[in-house]
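Have a look at the structure below before the remarks.
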Amino acid sequence: MISLNGSFIVDSENNVLFKKALDNQLARKLTLMLQEQFGDELIISNGFDGCNFTNKKASETNEIAKEVFERNSQIYTKTIDTALDSEVLLIGCLNDNFDKAVEVRDRILFDYQDVVEVFINLNYINIVPKGISKASGLEFVIEHAQLKKENVAVIGDDLNDIPMLEKFKAYAVENAKDEVKAISIKVQPSVAALIEEMLLE
């Protein structure tokens, strides 16, 4: 399984195959930058745990957000400070303003483009180490499993999928962003529909 935008890869038994962490001092600086702009609705992950305060505010009035927040609270048990004392593979935050997210991403990349990648997807900003993406994660798995790249197809819906879609046989789901659809071979109604179609080939 490739997770955290490619910075953490485990096998079916949760054995860690790959991980790449941010420098802890840098992680603290980036966390402060996100807190200044978006408050404490952060996720800081080492792959297995960390802290996740996303959906905290929404959980006060929205039942689905409350369920997500409570589930995350059972998995991610650390405070922001204790999460930053551990390995940090991803820092992210929930945001409700795409233009503001783009502005913050651009500011982070202006200061730290040599050491981080920043992805915006759905309502999240995710920061991972330089060179990490879903594409790099998939390339690792292909090499590890000794697969042929031409036998790999991917499907995506959001901006953080673009590096992966650009490197492999790419499909998009119907509700994908226009930028994702533009670089895809075909738009599919769902992941299941793509799998079914490929099994029939």
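Along the sequence shown, the residues carry numbers beginning at 1.
- Side chain of S45 to backbone of G47: a donor-acceptor contact under 3.5 angstrom is found.
- Considering every non-hydrogen atom in both V128 and L4, the closest pair reads CG1-O, 3.5 Å.
- Side-chain contact between E117 and S133 is absent, with no heavy atoms from C-beta onward closer than 4.5 Å.
- The two atoms that bring I155 and V173 nearest to each other are CD1-CG1, 3.5 Å, heavy atoms only.
- Side chain of N46 to main chain of G50: no donor-acceptor pair is present (N/O by atom type, distance under 3.5 Å, no hydrogens or angles).
- Side-chain contact check for K134 versus F119: every heavy-atom pair is 4.5 Å or farther apart.
- Counting only distance, with no hydrogens or angles, the side chain of D161 and the backbone of D158 share a donor-acceptor pair below 3.5 Å.
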From CA spacing to verdict: side-chain contact (heavy atoms from CB on, under 4.5 Å), E41, Y124: CA-CA 10 Å; E41 296 229 356; Y124 289 87; over 6 Å; no

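- If you take CD on E70 and CG on N72, they are separated by 10.5 Å, rounding to the nearest 0.5 Å.
- Considering only heavy atoms from C-beta on, I75 stays 4.5 Å or farther from N52 through its side chain.
- Using modelled atom types, no side-chain atom of D40 and backbone atom of Q35 make a donor-acceptor pair closer than 3.5 Å.
- Contact between A176 and K181 at its shortest, heavy atoms only, is O-CE, 3.4 Å.
- In this structure, the side chain of K20 does not engage the main chain of G6 through any donor-acceptor pair within 3.5 Å.
- Both V16 and I132 are assigned to one and the same hydrophobic cluster, defined by single-linkage of ILVMFWY side chains at heavy-atom distances under 4.5 Å.
- Scanning all heavy atoms of the two residues, the minimum distance from D49 to Y76 falls at C-CD2, 3.7 Å.
- Rounded to the nearest 0.5 Å, atoms CD (Q37) and CE (M33) are 8.5 Å apart.
- The closest side-chain heavy-atom distance from I162 to V180 is below 4.5 Å.
- Of the inter-residue distances, the one linking D157 atom CG with N121 atom CG reads 8.0 Å to the nearest 0.5 angstrom.
- Results of the ring pair (Phe, Tyr, Trp, His ring centres under 6.0 Å) test with F8 over F140, F48, F18 single out F48 as the only residue that passes.
- Looking at L200 and E197, their side chains never come closer than 4.5 Å, going by heavy atoms from C-beta outward.
- Taking each heavy atom of A170 and L165 in turn, the nearest pair found is CB-O, 3.3 Å.
- Put simply, the side chain of V116 reaches to within 4.5 Å of the side chain of L26, judged on heavy atoms.
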From CA spacing to verdict: salt bridge (Lys or Arg N to Asp or Glu O under 4.0 Å), R28, D23: CA-CA 9 Å; R28 287 187 178 279; D23 173 80; over 6 Å; no

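- Among the candidates I80, T31, T79, the single residue satisfying the side-chain contact (heavy atoms from CB on, under 4.5 Å) test with C51 is I80.
- Residue-environment remark: CD (E150) exceeds the threshold of 12 foreign heavy atoms within 6.0 Å.
- Counting heavy atoms from C-beta on, the side chains of Y171 and V154 never come closer than 4.5 Å.
- Between atom CG of residue L138 and atom CD1 of residue I142 there is a gap of 4.0 Å, rounded to the nearest 0.5 Å.
- No chain of hydrophobic side-chain contacts below 4.5 Å, direct or via other Ile, Leu, Val, Met, Phe, Trp or Tyr residues, connects I185 to M164.
- When the side chains of ILVMFWY residues are joined at heavy-atom separations under 4.5 Å, either directly or via intervening members, L30 and V104 end up in a single hydrophobic cluster.
- The only option from L89, I44, I91 that meets the side-chain contact (heavy atoms from CB on, under 4.5 Å) definition with L22 turns out to be I91.
- Other residues, nucleotides and ligands contribute over 12 non-hydrogen atoms within 6.0 Å of the CG atom of N151.
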Starting from the C-alpha separation in whole Å, work towards a yes-or-no answer on side-chain contact (heavy atoms from CB on, under 4.5 Å) for M198 and I195. CA-CA 5 Å; M198 298 193 93; I195 293 169; 5.9 Å; no

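- Contact annotation: the side chain of K169 never approaches that of V152 to less than 4.5 Å [non-hydrogen atoms, C-beta and beyond].
- Closest of all the heavy-atom pairs between L90 and G92 is CD2-N, 3.8 Å.
- Between the NZ atom in K167 and the CD1 atom in I183 there is a gap of 12.5 Å [rounded to 0.5 Å].
- Considering OG of S73 and CZ of R71, their distance stands at 10.5 Å, rounded to 0.5 Å.
- Figure legend: K100 and F38 shown as a cation-pi pair, the cationic atom lying under 6.0 angstrom from the six-membered ring centre and within 45 degrees of its axis.
- In this structure, L194 is not a member of the same hydrophobic cluster as I2, with clusters built from ILVMFWY side-chain heavy atoms closer than 4.5 Å.
- Under the 4.5 Å side-chain heavy-atom criterion for ILVMFWY residues, a single connected hydrophobic cluster contains both F168 and I9.
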